Amino acid sequence: MSDCLFCKIIAGEIPSDKVYEDDLCLAFNDIDPKAPTHFLVIPKAHISSVSAISAENSAVVAHIFEVIANLTREQGLESYRVVSNIGEQAGQSVFHLHFHVLSGRDMTWPPG
Ligand code: AMP
Ligand code: ZN
């Protein structure tokens with residue numbers, strides 16, 4: 001999508017602090033980190049949020065979770081949180097599917 005921030009990052013039109021990339025997804029550090037480790041993993045295909053996942057596009061989600069498991073293992077992260085906000089009330093500000101990976105500090109439950 002031409003007006004999507006994360007599609008522009010995937011296209012290289014906006015720089016990012018890349019953590020990992022393959023044919024299906026990109027991981028990069030969050031520009032406004034909420035924990036000592038805070039990166040985002042996004043599909044290269046534009047999907048607006050979890051609510052737009054379907055039988056046709058869901059395979060990339062399994063792939064992203066495999067990537068998250070590999071990256072956190074490589075980084076030696078034994079405890080971390082994976083979060084996806086869906087809709088404005090839940091705090092979604094970028095409408096391209098992304099999974100936050102947060103680690104390195106104590107976390108509260110339930111989230112605020
Ligand atoms: P959400 O608010 O759940 O939609 O998450 C969007 C995330 O994208 C926020 O944590 C932002 O800090 C992050 N973000 C926004 N712009 C950029 C950018 N140019 N590079 C990296 N992260 C970004
Ligand atoms: Zn997009």
Side-chain angles (χ1 to χ4, degrees):
M1 280 183 77
S2 58
D3 61 345
C4 170
L5 174 67
F6 286 176
C7 282
K8 288 179 179 168
I9 285 178
I10 290 161
E13 295 167 15
I14 293 175
S16 68
D17 183 12
K18 194 191 308 181
V19 173
Y20 172 84
E21 181 173 18
D22 64 27
D23 289 347
L24 295 175
C25 71
L26 176 70
F28 54 99
N29 285 316
D30 197 291
I31 203 168
D32 182 18
K34 299 295 191 284
T37 296
H38 184 181
F39 61 86
L40 306 173
V41 190
I42 69 175
K44 288 193 168 175
H46 181 88
I47 300 170
S48 58
S49 78
V50 166
S51 63
I53 293 170
S54 66
E56 285 67 41
N57 64 21
S58 64
V60 72
V61 179
H63 178 71
I64 283 173
F65 274 81
E66 186 182 344
V67 166
I68 290 171
N70 289 336
L71 291 176
T72 51
R73 191 182 307 114
E74 287 167 13
Q75 294 180 22
L77 304 176
E78 293 180 352
S79 186
Y80 57 92
R81 187 170 287 177
V82 180
V83 176
S84 192
N85 298 319
I86 298 100
E88 288 180 12
Q89 188 176 32
Q92 186 176 9
S93 61
V94 178
F95 287 79
H96 180 127
L97 178 65
H98 51 282
F99 295 93
H100 297 259
V101 180
L102 301 129
S103 186
R105 64 166 171 80
D106 293 342
M107 294 184 196
T108 58
W109 189 262

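Each residue takes its place number in the sequence, starting with 1. Start at 1 and go down the list; that is how both ligands and their atoms are numbered. All values derive from a computational prediction rather than experimental measurement.
- Expressed to the nearest 10°, the angle at the Zn ion (ligand 2) joining SG in C4 with ND1 in H46 is 110°.
- A heavy-atom distance below 4.5 Å is not found between the side chains of K44 and D23.
- Taking a cut-off of under 4.0 Å to the non-hydrogen atoms of F6, the atoms of ligand 1 that pass are 8 (O).
- Of all the heavy atoms of F28, the ones lying under 4.0 Å from any atom of ligand 1 belong exclusively to the side chain.
- Other residues, nucleotides and ligands contribute over 12 non-hydrogen atoms within 6.0 Å of the CD atom of E13.
- For the pair G91 and ligand 1, a heavy-atom separation below 4.0 Å is found.
- Residue H100 approaches ligand 1 through these ligand atoms, each under 4.0 Å from one of its heavy atoms: 1 (P), 3 (O), 5 (O), 7 (C), 10 (O).
- Following chains of ILVMFWY side-chain contacts shorter than 4.5 Å, one cannot reach L40 starting from V83, and the two form parts of different hydrophobic clusters.
- Under a 4.0 Å criterion applied to the non-hydrogen atoms of D32, ligand 1 contributes the atoms 12 (O).
- When side chains are defined from C-beta on, H96 counts as touching P43, because their heavy atoms get closer than 4.5 Å.
- We find the NE2-CZ distance between H38 and R105 to be 9.5 Å, quoted to the nearest 0.5 Å.
- Separation of atoms OG (S51) and CD (Q92) is listed at 7.5 Å; rounding is to 0.5 Å.
- Protein heavy atom closest to atom 4 (O) of ligand 1, with residue, atom name and distance, is S93 N, 2.7 Å.
- Closest N/O/S atom of H96 to the Zn ion (ligand 2): ND1.
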Would you check, one step at a time, whether the test ring-ring contact (aromatic ring centres under 6.0 Å, His included) holds for H98 with H100?
CA-CA 6 Å; H98 51 282; H100 297 259; 5.2 Å; yes
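- Other residues sharing the hydrophobic cluster of L24, ordered by chain and number and joined by side-chain separations under 4.5 Å: V19, Y20, F39, V41, I47, V50, I53, V60, V61, I64, F65, V67, I68, L71, L77, Y80, V82, I86, L97, F99, V101.
- Going from atom CZ of F95 over to atom CG of D3 covers 12.0 Å, rounded to the nearest 0.5 Å.
- Summary of contacts: the protein heavy atom closest to atom 23 (C) of ligand 1 is I31 CG2, 3.4 Å.
- Near L5, meaning under 4.0 Å from one of its heavy atoms, ligand 1 places the atoms 15 (C), 16 (N).
- The shortest separation from a heavy atom of K34 to ligand 1 is not under 4.0 Å, leaving the residue out of contact.
- For ligand 1, the atoms closer than 4.0 angstrom to any heavy atom of N85 are 3 (O).
- For the atom pair OG (S84) and CD1 (I42), the distance works out to 11.5 Å, reported to the nearest 0.5 Å.
- Protein heavy atom nearest atom 1 (P) of ligand 1, with residue, atom name and distance: H98 NE2, 3.1 Å.
- Within the structure, the closest approach of N29 to ligand 1 falls below 4.0 Å when heavy atoms are considered.
- Looking at atom 12 (O) of ligand 1, its nearest protein heavy atom turns out to be D30 OD1, 2.5 Å.
- At least one heavy atom of L40 sits less than 4.0 Å from an atom of ligand 1.
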